[in-house]
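Keep in mind that this is a model prediction, so the values were computed, not measured.
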Amino acid sequence: MQRVQFGQERIPAEQPCGRVEMKWCRWWPVAWMPGVTSADFDDHPERALLDRLEEYYDAVPRHGARVEDHGPLTLFVREGPGWPFYARPTRGWSGPLNASDVQKVRARQRELGIPESFEWVAETTPKLRSAVEESGLVVHEHPLMVLDPGTPAASLDGWSGSIEVRIVGADDPILPSALAVPHLAFAEPGTHVGLAGTPQLTEATDARIADGSVDRAIVRIRAGRTAVAAAVEHGSALSAGQHQPLAGVSEIVGVGTLPAARRRGLALAVTATLVADARLRGAATVFLSAGDDDVARVYARFGFRKIGTALIAEPSE
C-alpha cells in the first residue's frame with residue numbers, strides 16, 4: 001500500500017514514491033499491551049474481506065523479497081535491484097507487540113541500508129500504531145477502498161479526441177513513459193494543473209530506462225504479476241497506473257497524471273481500464289488506498305467504498 005492523491009495511487013515496490021483514520025485502534029500501556037489482533041476485529045463487519053486483503057499484502061512481496069521473521073513483525077528484504085520493501089505485522093501473530101519489537105526491526109533495516117518503513121491496516125492490526133509511534137516513527141493515514149465484485153466499473157463510453165487509453169504490453173514502446181509519469185505526478189502533488197510537461201517526461205523516461213526499471217517491469221508483466229495501463233497521446237503516456245493481480249485479488253497502484261495534463265479525467269480513465277483488466281484476469285476483489293478523504297470521495301463516485309484505513313510509518317523528514 002502507498003499514498004494516493006486523485007490520479008496518484010501508490011507506486012509499486014519497483015518504483016520510489018512518497019505514501020488511513022483510526023477506527024479500532026486502542027491505546028494500551030506497553031507493559032500489558034495485548035496481542036497484535038484485537039478482539040474487536042472478530043466482530044468487524046468487513047472481517048472476511050480484510051482477511052483476504054491481509055493474505056494479499058503478505059503474499060505479494062514474497063515474489064521478490066527475502067523474508068525475515070522478527071516475531072510479531074515480518075521484514076521483507078528485496079533480492080536484487082529495485083525499490084526496497086518494508087516490514088509488516090506477522091500474519092496470524094497473537095502474542096504481544098511493543099515498541100522494542102519495532103526498534104529491533106528498525107535496527108535491522110538500518111543495518112541492511114533500507115528504509116525504516118512499516119505498513120499495515122489499522123482495523124486488522126490496531127495495536128501496532130502505538131508501538132510504532134512510541135519508537136519515534138510518523139504514521140500516515142490513507143482510506144482503504146474496495147470495488148465490490150457486483151459493482152460495475154465506470155464506463156469509458158463517450159471518450160473521444162486524440163487520447164487512447166489501453167493496457168500496455170511488455171513490448172509496447174509506450175511502456176517507458178508509462179512508468180515515468182507517476183514519478184512526475186508524485187514530485188508535483190495535488191490535482192491542479194502543474195508545470196511538469198513533455199520535456200520533463202522525456203527526461204524521466206530516459207531515467208527509467210537507464211536505471212533498469214523498464215527491464216524489471218517487462219519481467220513482471222510477462223510473469224503476469226503486473227499490468228500497466230496508460231492514457232496515450234502523440235506517442236507518450238500522459239497518465240498511467242498499474243494493478244498487481246494475485247489469487248483473485250488485485251491492488252491498483254501508481255496511478256499518476258503528467259502535471260501539465262491534469263483536469264482532463266485521464267486518471268479515472270486509466271483506473272477504469274485497470275479495473276476492467278483485473279476482472280478479466282479473475283480478480284473478484286479490486287482495491288486501492290487513497291491519499292486522503294478528498295481523493296476517496298472521487299473514487300467513491302467511481303464505485304469504490306471505504307472499508308478501513310491503511311497505515312504507513314516512516315521516520316519524520
Counting N and O atoms only, with roles assigned by atom type, does the side chain of [X] sit under 3.5 Å from a partner on the main chain of [Y], one being a donor and the other an acceptor?
| X | Y | value |
| --- | --- | --- |
| S239 | G256 | yes |
| R78 | F85 | no |
| T125 | A122 | no |
| E188 | L195 | yes |
| D101 | N98 | yes |

Nearest heavy-atom neighbours spanning [X] and [Y]:
| X | Y | result |
| --- | --- | --- |
| V105 | A87 | CG1-CB, 3.8 Å |
| P143 | D293 | CG-OD1, 3.6 Å |
| T226 | V228 | CG2-CG2, 4.2 Å |
| V165 | A269 | CG1-O, 3.7 Å |

Heavy atoms, side chains only, cut-off 4.5 Å: are [X] and [Y] in contact?
| X | Y | answer |
| --- | --- | --- |
| V193 | P259 | no |
| L128 | V102 | yes |
| V77 | Y86 | no |
| T271 | T273 | no |
| R305 | M145 | no |

Nearest 0.5 Å please: distance from the [atom1] atom of [X] over to the [atom2] atom of [Y].
| X | Y | atom1 | atom2 | value |
| --- | --- | --- | --- | --- |
| L112 | Q109 | CG | CD | 8.0 Å |
| T191 | R263 | OG1 | CZ | 5.0 Å |
| L147 | L288 | CG | CG | 8.5 Å |

Which residues satisfy the side-chain hydrogen bond (donor to acceptor under 3.5 Å, both in side chains) test with [X], sequence neighbours excluded?
| X | value |
| --- | --- |
| E116 | R106, R110 |
| D277 | H243, R281 |
| T285 | R52 |
| H70 | E68 |

Joint hydrophobic cluster, L179 plus I167, side-chain heavy atoms closer than 4.5 Å: no
For [X], give me all partners under side-chain contact (heavy atoms from CB on, under 4.5 Å), at least two apart in sequence or on another chain.
| X | value |
| --- | --- |
| D294 | D292, R297 |
| V139 | W120, R129, V132, E133, L311, A313 |
| A170 | I218, I221, R222 |
| A283 | S250, A278, V286 |

Side-chain donor-acceptor contact under 3.5 Å, T74 with T90: yes
Close aromatic pair by centroid cut-off 6.0 Å: Y56 and F287: yes
Residue pairs passing the salt bridge (Lys or Arg N to Asp or Glu O under 4.0 Å) test where at least one lies in residues 224-249, sequence neighbours excluded: E233-R264
Applying salt bridge (Lys or Arg N to Asp or Glu O under 4.0 Å), can you list everything that pairs with [X], at least two apart in sequence or on another chain?
| X | result |
| --- | --- |
| R166 | E164, D172 |
| D206 | none |
| D215 | none |

Option passing side-chain contact (heavy atoms from CB on, under 4.5 Å) with L238 (candidates I163, V181, T198): I163
